[in-house]
Structures are given as C-alpha cells and as structure tokens.
Enquirer: 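Below you will find the structure I want to go over with you.
Values below: all heavy atoms of this structure, side chains included; hydrogens, waters and symmetry mates excluded.
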Amino acid sequence: MRLSQMLFVTLREDPAEAEIPSHKLLLRAGYIRRIGSGLYAYLPLMWRVLKKVSQIVREEMDATGAQECLLPQLQPADLWRESGRWDTYTQAEGIMFSMTDRQQRELGLGPTHEEVITTIAKDMIRSYRQLPVHLYQIQTKFRDEIRPRFGLMRGREFIMKDGYSFHTNEESLKKTYQDMAQAYSNMLRRSGLQFRAVDADSGAIGGSGSQEFMVLAEAGEDEVLYTEDGQYAANVEKAVSMPADAEPSPFATFEKRETPGTETIDKLCKFLKCSPTQVVKNVLYQAVYDSGITVLVLVSIRGDQDVNQVKLLNELTKLAGNYQAKTVLFLTVPDAEAQRKWAAKSLPLGYMAPDIADDYIAGSKEVNSKFLRLVDRTAVDLTNFVTGSNESGYHVVGANWDKEFPLPATVVGVRTAKKGDRAVHNPEQTLQSARGIEVGHIFQLGTKYSLAMGATYTSEQGEEMPFVMGCYGVGVSRLAQSAVEQSYDKDGIIWPVAIAPYHAIISIPNISDAQQVEVAEKLYAELNQSGIETLLDDRDERAGVKFKDADLIGIPYRIVPGRSLKAGKVEVVERATHQSHEILIDEVNSTLKQWIDAAIK
C-alpha cells in the first residue's frame, strides 16, 4: 500500500479523551477514530491488525477441532428469561442493550451468546453419539458500559471470539477446557505478548472452574496475585492466601470504653494503642435479590482485612433460595439515602457490634426484617478482641465469641488477599502483585444453562440428560490494544511482528531523487511479491516527518534508501531497538524474511 493513497492522518498532540498510553497512541497514529462514547471506527491500519489477531485465534481454535459459525447479534428476551439472566443483565449489571420491536417483542443486543448456542444445541443435538461438539464465532458484541474508557479496552461495541462446547460428562469437558487453556496460551504467545494464566471468578456467566488470561501491563484494570515459584496465580477477586497471624490482645477483661472520634480502624487502634488484628470490624451491605427482597448483611471480619465484594456476592448468591430468589441484583454499601428507606432509627455507623439489634430495620414486604450475619474466617478465632458497642463514641474491649457476642452461624471466606500474604500451597512463598489486562476467559459451565433451558440429549442408556457445557472467550479488539499497552516508547507503538499491520515500511527521504524512488519502487514490488507486507511512504513530506510517522505507527522494520545507496545499500532500522543496519539492496528481501520468520516462531 502507498501511504499517499491511504486514509492516513496522524495527530501531533494526545487527544483529551485518552487516559492510557495505548489509547493515546492508537488515536494519534490513525488506527481508530472515536464516533461516540465507547464507539470507535477501526481504520485501515487497525483493521489489518484485527484480521491478523483473528486469524491467529481462528487457526488455534480450528486446530482443536472447534467449528466456526456466526450467531445473531439480536437475541429474543425469552431466551434470556429461560436461563434466568434477563433481569441480571438488564437490571443488576445493566450491561445489555435492550429494546422492543414493532410487535412489542423484547430483544437484546448480545453481550454474550450462551442462551443462543444452548437453544441451537437443544434443537439439533439429540444423541450422545453427536457429542462432544465445540462451536465458536468471531463476532461484534455489545455492552452498555456505565463509563466506557480506555478506547478498545472498555468499549460499548467490541470484537470477541466466543466458543461453547457440549459434552456428556465432566471428564470430556475438562479435556476440552485443558485444550482451550493450551490454545489460548498459543494465541497470546504467537501474538508476541507477555501474559499470565490465572484462577478467576466466574461472574455472571457462572459455572465452576474458570481461568483468565492476562496480558501484563501497568495500565491493566485487574490486579494479579502470584508466587515466584510459578505454582499459583489468581485474579485478586478470586485469590486466596494466609493472612498474617493475629497479635495477642492486651485486653484481659471485657469492658466498655469511651472512644470518641474513632469511627475508622486506624483512629481506633491509635486511640486504644492496639493492633488492627485484635479488632472485629462489622461492615454493613445491602443486597437486593431478584425476588424484590432487600437483605441487610452484616459482615464481621478482622480489622486489618478488607471484604472482597465479589466473594461476598458469591456467598449471598448461594443463599438466594432463602429469599425466594435465584440471584443478587445489587450489592452495595448503603448510603444515607438508602438507609432512610429501611432504617427504623439512626445506625451507630463506625461503632456497630456483631449483635446489633434487628429492630434497627423497619421490616416490610420488600425488606427482610433481620440482619443476615456473616463472619469471615479471620475473625472466628480471635479472643479478647475489640469491637463496636452499638453506641456512637464507644467500643468494647476484651470481648469473646459465644460469651459477650454469639458467633454468627454462617462462616465465610470473603477477605481480600493482598501482596505480601503467605501462599496457601507453601507458606514460605509470599504473594506478589502485577497489573494485567484480561484478554481471555475460559469457563467450565457444567449444566447451569442446559438445566435452566431444558437442553438435553439421549444417553447410551436411553435417558434424557442435560448437556455438560464449557465456554471460552477472547477479546480480539482488546487483545490488539493490549499489545500496544505492553509495548511502546516515547516515539510511538512497537507492534509485535506477528500482528503488525505491515512488516516493513519504505520511507523515501526525498521523492525528487530519482535513484531513491527507483530503488524504493523496486524493493516495494519485490518485498510484497515475496510475502513481506510492505508500505511505501511516497508522500511529498520531509524525511523527518516520514521517520516520525513510521515510528509512531510502529511498523517493525523501516527501510531508507538514502545516503548508503552510493555503496549499493539501504538503511534498515528495527523499530523495537532503533538499531540501524546497512544492507545490500539485493539482500534486503532475504534478510527481512529471516528476521520475520524468527520473530513469529
């Protein structure tokens, strides 16, 4: 492609809307253009990158025996109601674009396709002889993000590969799951990315085991906790660890003490001269179930620990049946406005005890009249601890479970693991932290959707059995941007060779120089013919402008037919290192081919 003929506009300054380097660079280099909030046009250079990423994904999926298809983006609400997720996606998470057609039928734009694919399997797969089956697609998805940001990282429209497998048993599912773990590792390795596979929470998609594939980058929205021995890695939402040991309590007897202005753990510990490991803090949450019932949740946890809201949500979902519900729509820390809707009297916030009376709740049909009391494992074994007194300005010291306070019946593990904690598999290993961008996620769904939607097959014994399912997703457009976030410098993008829009760019310093133009044209034709995808910068611009643009757009190799032409050579500059080589014109093709082959192996 000749740059003079390409839709190619670069920007000198960083766009005001861009917050992270990759977003700034893709806009400045003319790869994407913002059309609306969270909506971007993929311009010619970007589309070439996306096609290359898609092809790597497609090759790795096909190698496992998965079959490519294409599913509708517009999905009937009835399918989502069958699975029980319509309210979750349109109200709780609120990420599905929903609409009504002219016949007043409700529809959604697909953020994911479990319901559609399960319906297809239900209609088409009758016998165990047809299993296992694995279908995938590369498709545009839609999510109504509250705050779209970071360009293609968190947009409202994005390209994704999602795949779904159907099995007769868990053993078959686990084999495909392992195949996918390997395939995803291959995809990221072939794309030239540094990544880490981590244990993850299954979220709204559900199921049992799941793994995320994280591209390591400082701008990543996710925190990854891992051990140096390589035996453990998990998203912070899922990570488990051994907390530091609690210090012995200095309080031997139970008493109530005046503690003015100590509504936070730090202030309390300074006032009482005690360790936060000796404190039981009581954190209030408000859960709204899909049955319409609001439940006030009191979590008692050790003072130096934080509640992991994802883990808490999972625990509350397990209890949904107690409230005639299937799932939690909302989980929040109730603010003053929320409290006014259900509080019978003012709560002693910052001074609550584990036994705060249920009469603080003005019960109704919509609000459960009793606190749901949970205790984290970190608080269970504490003795002579400090906690609230249910009276503002006062705490109690020297308290014990089943003496001064009843131990809550439900013990949970909802603490947030953090850097420096001891590893569960080996206490000599401590957790390290890194930032990551989630570009892939694989799930063992089990029978969650097949049971909900009545999707069955006939077993060898003639019984109707629910499909055992798996789900596997890769964010194609997110992966492309994450490559930029991982690899750039002050001059611009540094694309991995395998997914760069072009392998090489020939920058003619002076288009008025007939010899420069002749050599450039010869190399341009020769390289493209031999499979080395090459751009020709034949614009009537200064050499400095061309070199800056070549660096900005991140093409791996820049060829300059300049001063070295007198010696029958051209300059070849490696974008990643800025290393310059003078190479004989007749050897440019073979040299680049050798470098490219080595880079994409």
Enquirer: With ring-ring contact (aromatic ring centres under 6.0 Å, His included) as the rule and sequence neighbours excluded, what pairs involving residues 240-282 come up?
Expert: none

Enquirer: State whether a side-chain donor-acceptor pair under 3.5 Å links Glu315 with Thr317.
Expert: no

Enquirer: Could you tell me if His395 and Thr259 have a donor-acceptor pair between their side chains, going purely by distance under 3.5 Å?
Expert: yes

Enquirer: Less than 6.0 Å separating the ring centroids of Tyr31 and Trp495?
Expert: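 That pair passes the under 6.0 Å test.
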
Enquirer: Going by side chain to side chain contact (heavy atoms under 4.5 Å, CB included), Val484 matches just one of Leu25, Ile494, Leu152. Which one?
Expert: Leu25

Enquirer: Taking Tyr232 for its side chain and Val424 for its backbone only, find out whether a donor-acceptor pair lies under 3.5 Å.
Expert: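 No; judged by distance alone, with no hydrogens or angles, the pair does not exist.
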
Enquirer: Under the salt bridge (charged side-chain N to carboxylate O under 4.0 Å, His left out) test, which residues partner Asp551, sequence neighbours left out?
Expert: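 Residues passing salt bridge (charged side-chain N to carboxylate O under 4.0 Å, His left out) with Asp551: Arg558, Arg575.
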
Enquirer: Does any N or O in the side chain of Asp421 come within less than 3.5 Å of the main-chain N or O of Ser241, such that one atom is a donor and the other an acceptor?
Expert: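 No.
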
Enquirer: Applying the side chain to side chain contact (heavy atoms under 4.5 Å, CB included) test to Tyr285, which of Val295, Leu372, Val333, Thr332 qualifies?
Expert: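 Filter result, single survivor: Val333.
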
Enquirer: Indicate whether the side chain of His425 and that of Asp229 have a donor and an acceptor atom separated by less than 3.5 Å.
Expert: yes

Enquirer: List the atom of Val236, the atom of Ala417, and the distance in Å for their closest heavy-atom pair.
Expert: CG2-O, 3.6 Å

Enquirer: Checking ring pair (Phe, Tyr, Trp, His ring centres under 6.0 Å) for the pair His441/Phe443: CA distance, chi angles, key distance, verdict?
Expert: CA-CA 7 Å; His441 203 159; Phe443 304 83; 4.1 Å; yes

Enquirer: Let me see the working for Met61 and Val474 under side-chain contact (heavy atoms from CB on, under 4.5 Å), right down to the final yes or no.
Expert: CA-CA 11 Å; Met61 292 300 295; Val474 169; over 6 Å; no

Enquirer: Of all the heavy-atom pairs spanning Tyr164 and Cys471, show the shortest one and how long it is.
Expert: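 What the structure gives for the nearest pair is CE2-SG, 3.7 Å.
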
Enquirer: Under 3.5 Å, is there a donor on one side chain and an acceptor on the other for Ser165 and His134?
Expert: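 No pair is found: no donor N or O on one side chain lies under 3.5 Å from an acceptor on the other.
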
Enquirer: Heavy atoms only: give me the nearest Ala353-Leu298 pair and the separation to one decimal.
Expert: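 What the structure gives for the nearest pair is O-CD2, 3.7 Å.
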
Enquirer: Over 60° means perpendicular and under 30° means parallel, so tell me whether Trp595 and Tyr557 are parallel, tilted or perpendicular.
Expert: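 Trp595 vs Tyr557 ring planes: tilted.
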
Enquirer: Does the pair Glu223/Lys418 count as a salt bridge with the N-to-O cut at 4.0 Å?
Expert: no

Enquirer: How close do Gln305 and Thr416 get, counting heavy atoms only, and between which atoms?
Expert: OE1-O, 4.1 Å

Enquirer: As an exercise, state the distance from CG of Leu451 to CE of Met469, rounded to the nearest 0.5 Å.
Expert: 11.0 Å

Enquirer: Asp376 side chain to Ala379 main-chain N or O, any donor-acceptor pair under 3.5 Å?
Expert: no

Enquirer: Mind checking what makes salt bridge (charged side-chain N to carboxylate O under 4.0 Å, His left out) contact with Lys52, not counting sequence neighbours?
Expert: Glu533

Enquirer: Are Arg58 and Asp62 within salt-bridge range, i.e. N to O under 4.0 Å?
Expert: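 No.
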
Enquirer: Using atom types as modelled and distance alone, determine if a side-chain donor or acceptor of Glu438 lies under 3.5 Å from a backbone N or O of Asp222.
Expert: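 Not a single qualifying donor-acceptor pair exists.
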
Enquirer: Would Thr112 and Glu114 count as having a side-chain donor-acceptor pair, cut-off 3.5 Å?
Expert: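 Yes, side-chain donor-acceptor contact under 3.5 Å.
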
Enquirer: Mind checking the CD1-CZ spacing from Ile95 to Arg156? Nearest 0.5 Å is all I need.
Expert: 13.5 Å

Enquirer: Do Asp162 and Lys141 sit within salt-bridge range, that is, some charged N less than 4.0 Å from a carboxylate O?
Expert: yes

Enquirer: Between Lys311 (side chain only) and Val412 (backbone N and O only), is there a donor and an acceptor less than 3.5 Å apart?
Expert: no

Enquirer: Ser300 vs Asn282, test: side-chain hydrogen bond (donor to acceptor under 3.5 Å, both in side chains). Steps then yes/no.
Expert: CA-CA 4 Å; Ser300 297; Asn282 304 289; 2.7 Å; yes

Enquirer: If you count heavy atoms of other groups shown closer than 6.0 angstrom to CG of Asp381, is the number above 12?
Expert: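 Counting neighbours around CG of Asp381, 12 or fewer heavy atoms of other residues, nucleotides or ligands fall under 6.0 Å, so no.
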
Enquirer: Under the side-chain hydrogen bond (donor to acceptor under 3.5 Å, both in side chains) rule, what pairs show up with a residue in residues 399-411, not counting sequence neighbours?
Expert: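 Residue pairs with at least one partner in residues 399-411: Asn384-Asn400.
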
Enquirer: For Pro334 and Gln286, which heavy atoms make the closest approach, and how far apart are they?
Expert: CB-OE1, 3.4 Å

Enquirer: Working to the nearest 0.5 angstrom, can you tell me the gap between Lys267 NZ and Cys269 SG?
Expert: 13.0 Å

Enquirer: Using modelled atom types and a 3.5 Å cut-off, is there a donor and acceptor pairing between side-chain atoms of Asp290 and backbone atoms of Lys326?
Expert: yes

Enquirer: If only side-chain N and O atoms count, and only distance matters, is there a donor-acceptor pair under 3.5 Å linking Thr327 with Arg85?
Expert: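 Side-chain D/A pair, Arg85 to Thr327: absent.
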
Enquirer: Can you tell me how far the CD1 atom of Ile499 sits from the CD1 atom of Ile600, to the nearest 0.5 Å?
Expert: 12.0 Å

Enquirer: As an exercise, state the distance from CE of Met153 to CG of Leu26, rounded to the nearest 0.5 Å.
Expert: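 So the gap between those two atoms works out to 8.5 Å.
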
Enquirer: Counting neighbours of CD on Glu255 that are heavy atoms of other residues, nucleotides or ligands and sit closer than 6.0 Å, is the number greater than 12?
Expert: yes

Enquirer: For Arg154, is there an ion pair with Glu145 - N to carboxylate O distance below 4.0 angstrom?
Expert: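 A salt bridge is present here (some side-chain N lies under 4.0 Å from a carboxylate O).
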
Enquirer: Any chance you could lay out the side-chain contact (heavy atoms from CB on, under 4.5 Å) test for Ser450 and Phe166, step after step, and finish with the verdict?
Expert: CA-CA 10 Å; Ser450 53; Phe166 297 85; over 6 Å; no

Enquirer: Looking at Lys281 and Asp306, does any basic side-chain N land under 4.0 Å from a carboxylate oxygen?
Expert: yes

Enquirer: Check this for me: Glu19, atom CD, are more than 12 non-hydrogen atoms of other residues, nucleotides or ligands nearer than 6.0 Å?
Expert: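 Counting other residues, nucleotides and ligands, CD of Glu19 exceeds 12 neighbours.
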
Enquirer: Does NZ belonging to Lys256 count more than 12 external heavy atoms closer than 6.0 Å?
Expert: yes

Enquirer: Answer yes or no: are there more than 12 heavy-atom neighbours, outside Glu218 itself, under 6.0 Å from its atom CD?
Expert: no

Enquirer: Distance from Glu115 atom CD to Ser83 atom OG, nearest 0.5 Å?
Expert: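 Those atoms lie 3.5 Å apart.
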
Enquirer: Of all residues at least two apart in sequence or in a different chain, which pass the salt bridge (charged side-chain N to carboxylate O under 4.0 Å, His left out) check with Lys270?
Expert: none

Enquirer: Does any N or O in the side chain of Thr387 come within less than 3.5 Å of the main-chain N or O of Val280, such that one atom is a donor and the other an acceptor?
Expert: yes

Enquirer: For Leu225 and Lys419, which heavy atoms make the closest approach, and how far apart are they?
Expert: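 Shortest heavy-atom separation between Leu225 and Lys419 comes out as CD2-N, 3.9 Å.
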
Enquirer: Strictly by side-chain hydrogen bond (donor to acceptor under 3.5 Å, both in side chains), give each pair with a member in residues 188-197 just once, sequence neighbours left out.
Expert: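 Every side-chain hydrogen bond (donor to acceptor under 3.5 Å, both in side chains) pair that includes a residue of residues 188-197, provided the two are not neighbours, is Glu59-Arg190, Glu60-Arg190.
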
